Amino acid sequence: MKQPQTSRRSFLALAALTPFAAMTATACGTSGPGTSSAGGGASMWYLSGEPNQTTMQKAVDAFGSANPDNKIAVTYFQNDAYKTKTKTAIGAGQAPTIIYGWGGGTLKTYAEANQVDDLTSWFEENKDVKDKFFPSSFGAATVNGKIYALPNQYVAPIVLFYNKELFEKAGAQPPKTWDDVMSLVKTFNDMGVAPFSLGGQSRWTSMMWLEYLLDRIGGAEVFNAIFEGKPNAWMDPAVIETGTKIQELVSADGFIKGFSSIAADSNADQALLFTGKAAMMLHGSWTYGAMKKGGQNFVQDGKLGFVQFPTVAGGKGDPKNGVGNPAQYMSISSKATDQEKETAKKFFKDGILTETVIDTYINSGSVPIVNGIEDKLNASPDKDFLNFVYDLAKNAPNFQQSWDQALSPTAAEALLNNIDQLFLKSITPRQFAENMNATLGK
Amino acid sequence: MSNAVSTAPKTATRGRTEGGQSGQRNAALAWLTLPALFFFLVFAVVPLAGVLILSFSSWDGIGAIGSAGMGNWFSVLADPGLYNALGLTFLIMIASWLVQTPISLLLGVFTAGSQRYRAALAVLYFLPLLLSSAAVAIAFKALLDPNFGLATGLGLPFLARDWLGVPHLALGLVIFVIAWQFVPFHTLIYQGGVRQIPKSLYEAAEIDGAGTIKQFFHITLPQLKYTIITSSTLMVVGSLTYFDLIFVLTGGGPGNSTRILALDMYLRGFRANLMGPASVIAVILVLIGLALALFLQRLGGKDKQGSQLEGM
């Protein structure tokens with residue numbers, strides 16, 4: 001009688017253990033693509049999705065045919081899955097040679113765990129590479145004064161988009177101040193149109209509002225203090241005022257009904273703007289390309305407007321300040337062999353942001369982080385938007401990297417969770433500040 | 001799954017094994033458990049030990065593993081987030097049981113009949129089980145979208161609510177979708193259970209003049225006792241591991257209103273890089289799972305010796 005008893009227990013234990021099975025499976029499952037190819041090649045993981053996937057594949061192919069001994073094997077992953085996968089792979093010592101990322105807090109954890117190579121001296125030897133890119137793009141690649149990543153791709157500030165058609169119908173102008181925002185909320189609600197589209201379930205979408213508001217109210221110093229982990233940095237009155245303004249906007253029905261169940265990954269938030277269900281949307285400049293492609297001539301017909309985030313009366317922040325992603329980044333795994341590292345560096349020097357790649361980015365509505373591209377931008381059919389983004393990025397006295405990238409993963413997760421609750425009004429602005437204050441230094 | 005499999009052969013083999021076997025044969029049979037024991041060690045005991053060790057360590061998943069002593073345990077146990085997750089886990093567990101058991105019991109009894117149309121219906125009922133949780137979640141999310149979903153498409157404004165954006169609605173919806181997905185599986189278990197009940201019992205009852213309802217309450221239900229326990233165990237222990245569906249459907253939101261324990265563990269471990277606290281939650285999950293499973297087995301344990309086929 002004992003036998004079946006134990007076996008049942010073990011079955012139950014197995015059933016109960018499923019969560020760890022999942023944990024360990026993700027930990028082991030990454031060994032495949034991480035181990036790099038034989039010979040002088042290197043491996044790289046990159047994001048799937050167009051147009052970037054094709055652009056990258058073309059760049060890698062071109063580099064491979066020019067350097068037959070230094071081929072790069074790329075594996076593509078979906079955005080959110082990729083973030084978890086790299087983290088696990090790096091922890092398991094199975095990272096690809098080239099680690100793609102967004103710099104900031106995550107790069108810092110990699111650098112501090114000695115998982116990525118210090119590229120400072122390489123950049124000193126290759127001054128031309130360093131001088132090619134926007135100087136502002138190096139901030140998020142730098143940890144404790146050393147450069148751990150190569151900036152690449154394009155600059156992606158957060159922009160206030162609006163539907164010109166709806167504004168004409170309402171006889172309104174895009175907002176210049178926060179008071180304009182609040183009065184436009186009333187205007188559009190009276191018209192039966194949602195003032196702002198928001199994919200609140202993704203949470204980082206709501207975060208973009210806080211980033212700009214805090215900057216306009218308290219100036220760049222407030223978040224810089226938070227980033228540096230100064231004591232009580234989150235308790236700055238500007239943080240609480242930011243939270244209060246957000247909750248006022250939520251209470252005034254500023255965001256579309258049901259915003260907290262809309263996810264940005266399906267682009268439903270963009271669809272709300274170009275189908276005329278919402279009048280405005282605060283979003284990354286990368287949505288321009290997506291709306292151009294999926295928005296049924298909304299962009300092509302000139303119905304998409306864009307302006308800088310409005311100012312706040314009495315605010316300390318420079319209205320020219322920008323927030324968003326200064327660039328995307330590539331690091332080299334310190335676990336890679338010397339040969340693989342050489343290949344990666346060669347690719348960094350010759351393979352990335354070549355003239356063809358730069359043109360492809362510009363054609364898809366993005367501004368590559370390369371100096372001296374004014375002529376190319378002006379030749380593009382999207383020159384208004386491209387110049388707007390370029391000027392915003394170039395003239396910003398402070399370009400704040402997205403908070404969830406700038407902070408450590410631990411603080412970033414807490415931030416997103418608290419932002420969600422702030423927008424739901426289940427915590428007060430003060431509680432938000434207190435909860436976040438407890439994460440300082442984590 | 002394991003329970004469904006293990007109860008059935010047990011009743012079948014008992015007759016054979018109890019019939020005075022030599023000790024030698026039993027010893028030989030014991031060796032046959034070695035492969036199973038090996039896999040159990042590798043896939044259950046080793047990870048469990050690993051997680052237990054991790055729960056006393058500080059690790060961000062990338063750098064070196066350091067000792068944290070009881071720190072993780074104290075911080076997790078003092079975290080209101082844990083109790084919110086625990087409460088939600090139990091709420092979803094109980095609600096799932098209350099919703100799924102009557103439906104799948106009745107459906108199981110119904111589909112156990114032999115008419116051809118019932119077979120066709122049984123296939124239809126079974127369909128949701130064939131879909132992956134992620135697909136189910138994505139489909140429901142799209143259907144329930146307040147702006148582009150089914151309600152707008154069909155012009156049914158009363159359905160156009162912010163289903164996934166209001167805490168209590170989202171929770172209710174999660175329970176509904178879980179039921180939608182898992183009722184077919186439990187229906188199948190009950191269908192099998194009902195088909196095991198000897199026909200002679202019903203024949204006797206009919207002779208005594210018992211109607212369908214009386215037969216259900218006095219024969220079907222008592223005879224299904226072990227099936228109910230099996231199905232409930234799977235439901236209850238399984239509800240501890242609902243993860244994929246909720247992860248895709250709501251991501252734990254809005255706020256923390258659907259952040260159940262398994263999801264909490266994942267978010268802490270892989271999003272917030274807090275492997276230590278995540279492991280604490282994993283250990284708590286195992287303990288709860290074991291306790292619940294043992295408790296449910298005890299419920300039906302007293303007269304286990306007696307054959308279910310007594311009276312035949």
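Below, chain A is the first sequence line, B the second, and so on; all start at residue 1. These numbers come from a predicted model, not from an experiment.
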key: Contact class of B:F148 relative to chain A, heavy atoms under 4.5 angstrom   = side chain

Contact winner vs chain B - A:A194, A:A411, A:A268, A:P409, heavy-atom pairs under 4.5 Å = A:P409

message = Does any backbone or side-chain atom of B:L267 lie under 4.5 Å from a heavy atom of chain A? Answer side chain, backbone, both or neither.
response = both

key: Pair B:D264 + B:R259, salt bridge at N-O below 4.0 Å   = yes

query = Is it the backbone or the side chain of A:A414 that comes under 4.5 Å from a heavy atom of chain B, or both, or neither?
reply = neither

task = For B:T258 and B:G252, indicate whether the former's side chain and the latter's backbone hold a donor-acceptor pair under 3.5 Å.
result = yes

ask   = Heavy-atom distance under 4.5 Å to chain B: side chain of A:I262, backbone, both or neither?
value = side chain

task = Inspect the surroundings of NZ in A:K257 and state if more than 12 heavy atoms from other residues, nucleotides or ligands are less than 6.0 Å away.
result = no

remark   = With chain B, the option among A:S260, A:S202, A:A113 that has the most non-hydrogen atom pairs under 4.5 Å is A:S260

key: A:R203 bridged to A:E413 by N-O distance under 4.0 Å   = yes

ask   = Would you call A:D269-A:K277 a salt bridge at under 4.0 Å N-O?
value = no

query = Can we call the ring centroids of B:F247 and B:Y266 under 6.0 Å apart?
reply = yes

task = Using non-hydrogen atoms and a 4.5 Å limit, figure out which bit of A:T84 sits close to chain B: side chain, backbone, both or neither.
result = side chain

key: Contact origin within A:T275 toward chain B - heavy atom pairs under 4.5 Å   = side chain

key: Region of A:K87 that comes under 4.5 Å of a non-hydrogen atom in chain B   = both

query = What is the ring orientation for A:Y82 with A:F77, classed by angle as parallel under 30°, tilted 30 to 60°, or perpendicular over 60°?
reply = tilted

inquiry  = Can you tell me which of A:D420, A:T109, A:T410, A:L424 forms the most heavy-atom pairs within a distance under 4.5 Å of chain B?
reply    = A:T410

Heavy-atom pairs under 4.5 Å with chain A, option from B:L292, B:N256, B:I138, B:D60 with the top count = B:N256

query = Is there side-chain contact between A:T86 and A:Y100, with at least one heavy-atom pair below 4.5 Å?
reply = no

inquiry  = Ring-plane angle category for A:F255 and A:F259, please: parallel below 30°, perpendicular beyond 60°, tilted otherwise.
reply    = tilted

inquiry  = Using heavy-atom distances under 4.5 Å, tell me whether A:L272 contacts chain B through its side chain, its backbone, both, or neither.
reply    = both

Interface residue of largest heavy-atom contact number with chain A, from B:G238, B:P167, B:G165, B:A272, under 4.5 Å = B:A272

task = For chain A, find which of B:T250, B:D145, B:L144 contributes the most heavy-atom pairs closer than 4.5 angstrom.
result = B:T250

